[in-house]
Amino acid sequence: MSLLICQDVKKHYGAQDVLRGVTFQIDPGEKLGLIGKNGGGKSTILRLVEGVEVADHGRVSLRKGASLGHVPQIPEFEAGITVLQYVELGLAEVRALQRELDTIGERMSHAEGDELEKLVHEHEAKSQRIGDLGGWEIARRIEVVLSGIGLAKELWSREARTLSGGERSRVALARELVAGHDLLLLDEPTNHLDLVGIEWLESWLHEQKGAVLIVSHDRRLLNRAVDGILELERGEIRRYPGNYDKYVVLREERYKTELREWESQQDFLRKEEDFIRKHIGSQRTAEAKGRQKRLENLVRVDRPFNDVRRPAIRAPKVERGGELVFETRDLAGGYGEKKLFQHVDLRVGRSDRIGVVGKNGAGKSTLLRILAGLQPPLGGELEPGHKSVCGYYDQDTSQLDETRTPYEEIRRTHRDMTDLEIRSHLARFLFRGNEVDKSIAALSGGERARVALAKLVLEKPTWLALDEPTNHLDLAARAALEEMLSEFDGTLVCVSHDRAFLDALCTKIVCVDPDAVTVFDGNYTAWRDAVLAASDQRRALAAEKPKRDEKRVEPPKAAKPAKAASPGKVRNRYLFDKLEARIMELEAEQKKLNDELVREDVYRNAARMKETQIRIAEVEHELAERYAEWENWR
């Protein structure tokens with residue numbers, strides 16, 4: 001039975017038809033990505049499913065009794081409620097089920113015969129439901145989620161409404177993740193997560209039993225966390241199996257097939273119409289009329305639509321500068337007395353491609369602003385190279401004057417351009433007609449980003465400092481930006497959470513961390529693999545230390561790092577034997593616990609029954625982790 005059914009759903013706002021007959025369904029456990037142009041109606045679909053809005057036509061039906069989760073865009077917190085308390089509110093269904101289970105357990109201790117059998121079945125059903133919601137390991141579940149999304153432990157006891165905007169959004173996300181909903185709606189869930197948090201979210205969603213509908217422009221997330229794509233185009237939905245990469249291939253194949261069908265029919269129509277015109281009124285009039293009748297009843301194939309519109313971004317012209325773009329010596333940065341980083345020594349040359357990564361709050365944007373000359377350092381030196389000119393892109397697009405229009409923004413800084421040149425330039429960024437005279441204050445985030453990029457490419461920098469340039473851009477605009485930057489002849493320094501973007505453009509990674517700012521030669525994936533391999537090596541060495549101490553031998557020389565392409569796999573026979581022994585212990589305990597569930601002295605004791613179920617959940621969770629570790633061993 002389907003979990004959610006949307007049947008011929010239509011929605012309009014004024015004269016604008018946003019949804020023109022959307023039909024799709026989501027089955028239990030499915031993970032689907034919802035993609036489409038900005039402003040195309042993706043958020044409208046989510047609001048209809050949530051029940052915040054009502055369809056003008058058609059039906060939106062959620063299976064009776066199914067739990068639905070969604071993260072509010074602006075979460076609200078009651079006074080005095082802490083982060084931990086707010087997240088626990090997501091477990092209301094689990095708490096209610098546990099109370100019901102306690103009541104059933106108490107009744108089981110006194111029941112006999114048919115009544116006892118009925119209660120046992122009811123107990124099993126509710127226990128299964130608690131398990132599906134992850135309710136047997138509540139404390140651990142909350143801790144895993146809060147840590148996974150990057151919320152520091154010292155914030156858990158803080159009053160939720162005192163947090164920053166990004167932190168509040170992460171708290172709201174955490175509450176819905178721990179709840180274990182049958183269907184979870186996520187609208188750009190990675191916006192407030194750092195790279196580690198995004199990768200954790202991918203794994204978490206993949207492992208959950210519930211269904212998920214995700215609106216996202218993160219291609220890597222859509223590749224790793226979903227098993228189907230819903231494409232919203234011109235108010236209608238098309239469904240594709242597989243992840244985002246497979247969708248790209250299947251979409252192109254579908255378009256080519258439909259185009260061939262349309263062209264074939266057009267060719268047939270031309271030949272038939274030529275025959276009718278030639279022979280009507282001749283000896284073959286009857287045949288011509290027959291063909292005309294058949295044409296009138298023929299079902300016409302619509303010309304397939306392939307929206308190839310996307311910003312035509314041209315790379316900025318680069319003034320030739322020196323080989324050195326800038327150099328830092330013992331650089332420190334932060335705000336007031338607070339240093340976010342220090343002792344930074346960087347030497348950036350012409351045509352370098354650098355991605356800046358690190359946890360939220362580590363100081364990535366601060367470092368970029370200092371390098372761009374927009375903020376003074378707290379210590380050290382920044383030495384620009386010969387003729388070094390920076391073009392800076394602000395993720396908040398705060399450099400735009402909201403009282404102006406896109407046309408006026410270009411005119412303000414480029415008075416030498418004619419009216420036609422300005423309008424033609426803005427048209428390449430999809431601002432056409434009256435859109436060029438629309439107030440910037442009324443623009444969407446994606447539109448504001450396109451205005452900022454339109455201004456940026458008119459400058460003549462030797463290097464670009466980009467702070468989250470793909471934020472607010474849809475998939476087509478991101479692809480256009482990547483193409484432009486790949487053609488840019490100057491140096492690129494970019495802060496980004498878009499891993500596909502970093503992999504496509506960057507050949508060096510600068511990791512900003514309170515302990516140190518480090519430089520890695522390679523793209524994001526190579527850097528991440530190296531980090532995981534080094535972490536595995538440290539764990540392996542730590543596990544071997546007790547054994548070395550027993551034998552009183554000198555510590556071995558530093559081992560060569562594990563290959564970057566094989567994160568999570570370590571050659572270590574001692575650890576492998578230890579892992580297999582632990583798996584056998586857990587399997588034995590699991591069998592023992594399951595046998596206990598059917599013993600009368602256990603199921604008649606509500607407290608003992610609940611304790612046994614909780615331990616079973618813990619054992620199953622650890623077994624899953626150990627099995628995965630065993631399968632990935634080399």
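No hydrogens, no waters, no symmetry mates; every other heavy atom, side chains included, goes into these values.
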Mind checking side chain to side chain donor-acceptor pair (under 3.5 Å) for Thr405 and listing every partner two or more places apart, or none if nothing turns up? none
Enumerate the residue pairs fulfilling ring-ring contact (aromatic ring centres under 6.0 Å, His included) with a member in [range], sequence neighbours excluded, ordered by first and then second residue.
{"range": "residues 441-479", "result": "Phe326-Trp463"}
{"range": "residues 216-253", "result": "Tyr240-Tyr247, Tyr244-Tyr247"}
{"range": "residues 430-451", "result": "none"}

Ring center gap for Phe501 and His497 short of 6.0 angstrom: no
Please list, chain by chain and in numerical order, all residues satisfying side-chain contact (heavy atoms from CB on, under 4.5 Å) with Asn471, sequence neighbours excluded.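 Per chain and number, Asn471 pairs via side-chain contact (heavy atoms from CB on, under 4.5 Å) with Gln395, Glu468.
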Applying side-chain contact (heavy atoms from CB on, under 4.5 Å), name anything that partners Thr23, two or more places apart in sequence or on another chain.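 With neighbours one apart ignored, the set is Gln7, Asp8.
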Residues which pass salt bridge (Lys or Arg N to Asp or Glu O under 4.0 Å) with [X], listed by chain and number, not counting sequence neighbours:
{"X": "Arg219", "result": "Glu482, Asp498"}
{"X": "Glu402", "result": "Arg448"}
{"X": "Glu287", "result": "Arg284, Arg291"}

Return each pair, listed once, that meets side-chain hydrogen bond (donor to acceptor under 3.5 Å, both in side chains) where at least one residue sits in residues 292-305; pairs must be two or more places apart or across chains. none
Taking only residues two or more places apart in sequence or in another chain, which ones pass ring-ring contact (aromatic ring centres under 6.0 Å, His included) with Tyr13?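 Residues passing ring-ring contact (aromatic ring centres under 6.0 Å, His included) with Tyr13: none at all.
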Salt bridge (Lys or Arg N to Asp or Glu O under 4.0 Å) pairs, two or more places apart, involving residues 193-205: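 Non-adjacent pairs meeting salt bridge (Lys or Arg N to Asp or Glu O under 4.0 Å): Glu199-Arg528, Glu202-Arg224, Glu202-Arg499.
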side-chain hydrogen bond (donor to acceptor under 3.5 Å, both in side chains) between Asp489 and Ser351, worked out: CA-CA 6 Å; Asp489 290 333; Ser351 299; over 6 Å; no
